[in-house]
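Notes to accompany the following structure.
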2 protein chains.
Amino acid sequence: MGRRNDHTRKELKEMAIKAGVELIEERGFQNFSIRKVAAKIGYSAGTLYNVFENSDDLVFHINSVTLDDLQNYIETKLDQELKGVEAIKRMGDRYIEFAHEYNSRWNALFEYRRPLDSELPQWYLLKLNSLFAIVEKLLLPFVHGDIESAKRVAKVLWGGVHGICSLGLTQRMGQDGTELLKTLANSLIENYISGLTQAKE
Amino acid sequence: MGRRNDHTRKELKEMAIKAGVELIEERGFQNFSIRKVAAKIGYSAGTLYNVFENSDDLVFHINSVTLDDLQNYIETKLDQELKGVEAIKRMGDRYIEFAHEYNSRWNALFEYRRPLDSELPQWYLLKLNSLFAIVEKLLLPFVHGDIESAKRVAKVLWGGVHGICSLGLTQRMGQDGTELLKTLANSLIENYISGLTQAKE
DNA sequence: ACCTGAACACCGTTCAAGT
DNA sequence: ACCTGAACACCGTTCAAGT
């Protein structure tokens with residue numbers, strides 16, 4: 001036993017995150033464990049504690065990769081031609097598609113339901129922020145450029161679409177498939193914005 | 001060891017569910033285990049396997065109690081005077097209050113994020129249905145009495161409010177308190193319905 | 001028939017001891 | 001300095017054996 005020095009700290013971290021992503025993807029989050037990740041990369045479990053605070057910390061890093069992939073998925077498939085409400089509806093569609101296609105990893109994003117007082121890591125919150133920012137930008141025209149309003153509206157829409165997707169994919173609204181969920185999300189986006197702009201005039 | 005027959009099967013089941021509710025309430029879902037529930041009621045863990053299929057089955061029964069409490073919480077606090085949109089907005093408020101007040105149990109409701117193909121128990125789905133039914137009934141006037149439309153709109157609204165509540169309470173939209181979350185949910189309900197009825201005319 | 005306790009195959013986490 | 005393996009305190013689940 002003892003030092004091997006096969007990999008740098010940084011390499012180790014990357015290997016573990018990659019292995020974790022694969023483990024969740026292949027076998028679902030229920031089968032995830034820090035011990036399995038260690039086995040997958042050929043190290044002992046203890047070693048991962050040199051590199052991550054604990055199991056939660058590793059999961060947050062895995063989730064961070066998933067958020068990057070999600071952002072990428074949404075942005076690259078977002079037709080630049082689309083404007084305004086249509087663009088936001090397309091984003092909703094992409095979110096639901098991603099959640100369906102990468103279901104285990106998307107689930108992992110929300111596994112950490114902690115007591116109210118527990119906090120998410122700061123760097124993780126920043127990453128979430130940049131997802132919200134995409135919608136905020138698209139919303140500016142509807143709120144006369146007021147960034148605070150855009151932020152609020154973005155929360156309503158992301159929250160709303162996420163909720164429909166979440167209850168839908170976990171079978172809590174019946175047997176609805178992704179197509180219906182997209183329809184519901186589109187309905188939410190379209191009518192909410194329509195109601196909002198109506199009221200302002 | 002051996003038979004005690006202190007309690008009937010039914011009593012045992014009720015004791016376990018009650019103990020589970022308390023355990024989650026007091027120490028959070030992370031600290032829940034079927035072994036702790038067994039200890040709490042003075043039986044061995046094995047005994048609970050005579051009465052529940054497995055740990056998941058016990059959790060579903062605990063969640064069932066939570067859904068009853070939620071329905072009760074919403075209905076008893078729902079001012080009978082309120083009509084239409086105002087009544088639905090009040091429901092959203094109550095949902096968020098409940099999720100905040102009984103946060104651990106509310107969290108437990110959504111812990112079971114399983115692979116897409118796993119199914120929730122039939123009796124549990126029926127219970128969820130009766131929650132949706134409350135909103136559907138309130139929505140009928142807005143959709144010219146069309147029950148299918150009411151069902152769709154109810155999914156959008158429950159989903160939407162749940163999503164705002166879920167992302168909000170788990171700190172995924174920032175540091176927003178329940179008051180702001182209620183405002184967001186109200187905005188969703190009001191403007192969505194407004195947009196919806198506008199479009200129909 | 002009902003219940004227990006031990007057993008099995010796992011967890012996350014810590015840390016003395018080895019190189 | 002880095003890494004391991006054993007240890008600790010847990011899990012969910014099964015089942016032979018006891019009353």
Side-chain angles (χ1 to χ4, degrees), chain A residues 1-17 19-20 22-24 26-63 104 107-108 111-115 118 121, chain B residues 1-17 19-20 22-24 26-63 104 107-108 111-115 118 121:
Chain A
M1 67 195 87
R3 74 183 301 171
R4 293 167 22 179
N5 236 353
D6 290 344
H7 304 95
T8 64
R9 250 180 96 85
K10 203 183 157 203
E11 282 171 337
L12 215 52
K13 207 162 175 172
E14 276 166 10
M15 286 161 64
I17 293 168
E22 287 167 11
L23 186 58
I24 292 175
E26 291 159 11
R27 312 199 38 207
F29 189 74
Q30 309 102 70
N31 280 296
F32 173 87
S33 76
I34 196 168
R35 290 180 105 117
K36 285 192 190 126
V37 170
K40 214 165 189 293
I41 63 174
Y43 277 84
S44 75
T47 297
L48 290 183
Y49 283 82
N50 292 333
V51 162
F52 298 100
E53 271 183 54
N54 48 36
S55 176
D56 285 11
D57 187 29
L58 171 54
V59 174
F60 275 121
H61 281 85
I62 291 166
N63 285 348
S104 296
N107 270 336
E111 281 293 337
Y112 282 79
R113 311 197 135 260
R114 290 302 159 70
S118 70
Chain B
M1 67 193 87
R3 73 184 303 169
R4 292 169 23 180
N5 236 354
D6 289 345
H7 304 95
T8 65
R9 251 180 96 82
K10 203 182 156 205
E11 283 170 335
L12 213 52
K13 208 163 176 171
E14 278 166 9
M15 285 161 65
I17 293 168
E22 287 167 9
L23 186 57
I24 292 173
E26 291 159 11
R27 311 199 37 208
F29 188 74
Q30 309 102 69
N31 280 296
F32 173 87
S33 77
I34 196 169
R35 289 180 107 117
K36 285 194 190 125
V37 169
K40 214 166 189 293
I41 63 174
Y43 276 85
S44 75
T47 297
L48 289 183
Y49 283 82
N50 293 333
V51 161
F52 298 99
E53 272 183 54
N54 48 36
S55 175
D56 285 11
D57 187 30
L58 171 53
V59 174
F60 275 121
H61 281 84
I62 292 167
N63 285 347
S104 296
N107 270 335
E111 280 294 337
Y112 281 81
R113 309 197 134 260
R114 289 302 157 73
S118 70

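Sequence lines set the chain letters: A, B, ... in the order given, protein chains first and strands last, and positions in each chain run from 1.
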Taking [atom1] from [X] and [atom2] from [N], how many angstroms apart are they, rounded to a whole number?
X	N	atom1	atom2	answer
B:Q30	D:dC10	CD	P	16 Å
B:R4	D:dG18	CZ	P	19 Å
A:N5	D:dC2	CG	P	7 Å
B:N50	C:dA1	CG	P	12 Å
A:F29	C:dC11	CZ	P	13 Å

Please enumerate all residues that pass side-chain contact (heavy atoms from CB on, under 4.5 Å) together with [X], with sequence neighbours excluded.
X	value
B:E11	B:H7, B:T8
A:S44	A:T47
B:F32	B:L23, B:I24, B:F29, B:V37, B:S55, B:L58, B:V59, B:I62

Got a sec, which residues hit salt bridge (Lys or Arg N to Asp or Glu O under 4.0 Å) with [X], two or more places apart in sequence or on another chain?
X	value
B:R4	B:D6
B:D56	B:R114
A:E22	A:K18, A:K40

Assuming nearest nucleotide by heavy-atom distance, tell me which of A:N31 and B:H7 is located more 5' along DNA chain C. B:H7
Under 4.0 Å: is that the gap between some side-chain N or O of A:Y43 and OP1 or OP2 of D:dC3?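 Checking A:Y43 against D:dC3: at least one side-chain N or O falls below 4.0 Å of OP1 or OP2.
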Within the pair B:R9 and C:dC2, is there a side-chain N or O less than 4.0 Å away from OP1 or OP2?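 No, outside the criterion.
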Can you tell me which stems involve DNA chain D, if a stem is defined as three or more consecutive Watson-Crick or G-U wobble pairs, both distances under 3.5 Å? C:4-8 with D:12-16, C:12-16 with D:4-8
Could you list the residues that satisfy ring-ring contact (aromatic ring centres under 6.0 Å, His included) with A:F52, not counting sequence neighbours? A:H61
Can you list the steps and then say if A:R9 with A:K13 is a side chain to side chain contact (heavy atoms under 4.5 Å, CB included)? CA-CA 6 Å; A:R9 250 180 96 85; A:K13 207 162 175 172; 5.9 Å; no
Find every protein N or O atom lying less than 3.5 Å from an N or O atom of nucleotides 12-16 of chain C, and list the pairs.
{"residue": "C:dG12", "atom": "OP1", "partner": "A:I34", "partner atom": "N", "Å": "3.1"}
{"residue": "C:dG12", "atom": "OP2", "partner": "A:I34", "partner atom": "N", "Å": "3.4"}
{"residue": "C:dG12", "atom": "OP2", "partner": "A:R35", "partner atom": "N", "Å": "3.3"}
{"residue": "C:dG12", "atom": "N7", "partner": "A:R35", "partner atom": "NH1", "Å": "2.4"}
{"residue": "C:dG12", "atom": "O6", "partner": "A:R35", "partner atom": "NH1", "Å": "2.8"}
{"residue": "C:dT13", "atom": "OP2", "partner": "A:Y49", "partner atom": "OH", "Å": "2.5"}
{"residue": "C:dT13", "atom": "OP2", "partner": "A:S55", "partner atom": "N", "Å": "2.7"}
{"residue": "C:dT13", "atom": "O5'", "partner": "A:Y49", "partner atom": "OH", "Å": "3.0"}

